[in-house]
Amino acid sequence: MLLFNSLSKQKEEFIPIEKNHVKIYVCGPTVYDDAHLGHARSALAFDLLRRLFKTDGYQVTFVKNFTDIDDKIITKMTESKQTLEEIVTHYITRYKEDMHALGIEDADIEPKATESIEDILNFIQHLEDKGFAYVIDDGVYFDTSKDKEYFSLSGRSVDETQNQSRVESNSQKRDLKDFAMWKFSKSGEPAYPSPWGKGRPGWHIECSAMIKKHLASSGDYQIDIHGGGADLLFPHHENEACQSRCESDQKLARYWMHNGFVQIDGEKMSKSLGNSFFLKDALQVYTGEVLRFYLLSSHYRANFNFNEEDLLASKKRLDKLYRLKKRIIIDKGSSVNKSFKAAILNALHDDLNISATLAVIDEMITDANEKLDKEPKNKGLKKEIRSNITFLETLLGIGTMNAFAYFQIGISEAEKRDIETLIKQRDIAKANKDYAQSDAIRDTLKAKQIQIMDTPEGTVWEKIQA
RNA sequence: GGCGAUAUAGCCAAGUGGCUAAGGCAGGAGCCUGCAAAGCUCUGAUCCCCGGUUCAAAUCCGGGUGUCGCCUCCA
């Protein structure tokens, strides 16, 4: 398998630290607000990676943290008059609900910063003992000048950040790029005791400490893959890598993977621009699977320009899979077509080439439809198609619904009865060759966004979504 | 200001030196159908511009232009 490593800026063959075992750590959200499309994109990228490794037979240990103590959460506390506990519990629950709706499973381990304070403090202590830390008025800082390999991940040069940053240097920091590992608390802020004074962890330290606690191997590298959004490459991941390298004399991760951003109308989606698109809002309009398929349908490293037109085009592509599924109502499959499976895996093994993967799927669908047109009763054929779809369900998390239910989402039971009644009336009219009447009924249904289709098995219907 | 991505048909999007440049959506024609829908078949691109390397470039190199991102909390 080839993976694009942000460290080397090229695709590299994946070689696990431990045979048949992959250790992945992905930076999770700071839980101070509902999850947006960007969170989903990142989660989906690594969900796909995780599923692929499992399909390949690896044991996967997948860790995703929740940052549950942070300046933004404190701001939220002030605004909402809620406790830290109330806020983070609420948003962690909400995050998981939204992710589950997209077919994203929980990580194997989901550490929280506030539950890792002891590990964080030990980590800082060790760095101080080794001479990498210094204390100033507002916290304990990492002295980046002591790390010769600083910038090795992001590929920046020392010079370029000097006096170029838009951030004003506030403090007694020895160097602009030094960063806080522990922030002293002001009165009223949540605080934990520490050898240096009451406070809270800096942003970067939790990941380093959690990886050490939950995943670290003992060799050259602590873990196989470290992932997150492209924005985290610098400074977040640079700082994590730096801390862990200096603390342990090991490298943090062998492969660094960064997903591209979701844009709305060509602009970055962000809080500060006020164009955040929350998953909960998108899920009001589209099913989780439709959103999953859409957000998964372009390469994880490319920026993703979210818009409704493309989403509907993507949904039509997913519809084709479900229409095929409707044609092969059958209990059990046989086995996946070998060349189909190989083509899918071959595409995904090339740094998750999802476009090539989807092309293989579309070709399978066309081929299957063609064969079913010729041999509608061929059971062996249906079993193989069934197996092929099951393979996709597990690997990609798509096609998992009942094929009829998929096309009838949002229709109440009462509406369904009405539709069925009209269809029966139309069947009678058709039998009597009263086509004026049967067409009138079809038009009535169409006006209600219901498309009917006559098949050898009888008349079926779908909700039109466009 | 510094750094880094990216530019492929109306739209989305693969493809990194060599047969006719994947696939999907939209559009057009046909088959099927009482008519539709679905499905199937057929149908579309000198790959941003200019130079260069090469027998051969969308693909490599140089320059230009556009778009986007990072350097600040961010997925």
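Here the structure is a predicted model, which is why all the values come from computation and not from measurement. In the text below, chain A, chain B and the rest are named by the order of the sequence lines, each starting its count at 1.
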[X]: which residues meet the side chain to side chain donor-acceptor pair (under 3.5 Å) condition with it, sequence neighbours left out?
X: A:Ser80; answer: A:Gln82
X: A:Asn239; answer: A:Tyr150, A:His204
X: A:Tyr300; answer: A:Asp351
X: A:Asp71; answer: A:Lys183, A:Arg200

Tell me whether the NZ or CZ atom of A:Lys177 lies within the 45° cone about the ring axis of A:Phe142 and under 6.0 Å from its centre.
no

For the residue pair A:Phe306 and A:Phe304, categorise the inter-ring angle as parallel (less than 30°), tilted (30 to 60°) or perpendicular (more than 60°).
tilted

For residues 343-357 of chain A, which residues have at least one heavy atom under 4.0 Å from RNA chain B?
A:Asn353, A:Ser355, A:Ala356

Measure from CZ on A:Phe407 to P on B:rA37 and round the result to the nearest Å.
16 Å

Length of the line joining A:Leu153:CG and B:rC70:C1', which is rounded to integer Å:
13 Å

Just so I know, are the side chains of A:Ser116 and A:Glu206 near enough to count as touching, which here means a heavy-atom distance under 4.5 Å?
no

Please name all residues satisfying ring-ring contact (aromatic ring centres under 6.0 Å, His included) with A:Tyr255, sequence neighbours left out, ordered by chain then number.
A:Phe14

Are the ring of A:Tyr435 and the base ring of B:rG34 both nearer than 5.5 Å at their centres and tilted by less than 30°?
yes

Nucleotide nearest [X] when distance is taken to its side chain, options [options]:
X: A:Asp310; options: B:rA22, B:rC71, B:rC12; result: B:rC12
X: A:His36; options: B:rA75, B:rG39, B:rG23; result: B:rA75
X: A:Arg323; options: B:rC35, B:rA38, B:rA75; result: B:rA38

Cut-off 3.5 Å, no hydrogens considered: what does the side-chain donor-acceptor table look like for residues 356-365 of chain A, sequence neighbours left out?
unit_1, atom_1, unit_2, atom_2, d
A:Thr357, OG1, A:Asn353, O, 2.7
A:Asp362, OD2, A:Arg317, NE, 2.6
A:Asp362, OD2, A:Arg317, NH2, 2.6

Looking for any heavy atom pair under 4.0 Å, which part of the strands does [X] touch: base, sugar-phosphate only, or nothing?
X: A:Val262; result: base
X: A:Arg327; result: sugar-phosphate
X: A:Leu232; result: sugar-phosphate
X: A:His299; result: sugar-phosphate

Can you give the donor-acceptor pairs under 3.5 Å from side chains of residues 281-290 of chain A to other protein atoms, not counting sequence neighbours?
unit_1, atom_1, unit_2, atom_2, d
A:Tyr286, OH, A:Glu308, OE2, 2.4
A:Thr287, OG1, A:Val290, N, 3.2
A:Glu289, OE1, A:Tyr322, OH, 2.6
A:Glu289, OE2, A:Tyr322, OH, 2.9
A:Glu289, OE2, A:Gly399, N, 2.4

Is A:Arg41 side chain donor-acceptor paired with the B:rA75 base, going by distance under 3.5 Å alone?
no

Do the side chain of A:Asp454 and the base of B:rC35 come within less than 3.5 angstrom through a donor-acceptor pair of N or O atoms?
yes

N or O in side chain of A:Asn303 less than 4.0 angstrom from B:rC68 OP1/OP2:
no

Quick one: which protein N/O atoms are closer than 3.5 Å to N/O atoms of nucleotides 58-61 of chain B? Pair and distance per line, please.
none

Contacts of A:Lys424 meeting salt bridge (Lys or Arg N to Asp or Glu O under 4.0 Å) (sequence neighbours excluded), chain-then-number -> none

Name all residues meeting the salt bridge (Lys or Arg N to Asp or Glu O under 4.0 Å) criterion together with A:Lys379; count only those two or more places apart in sequence or in a different chain, and write none if there are none.
none

Polar atom pairs between nucleotides 24-26 of chain B and protein, under 3.5 Å, N or O only, would you list them?
unit_1, atom_1, unit_2, atom_2, d
B:rG24, O4', A:Arg317, NE, 3.3
B:rG24, O4', A:Arg317, NH2, 3.4
B:rA26, OP1, A:Lys316, NZ, 3.2

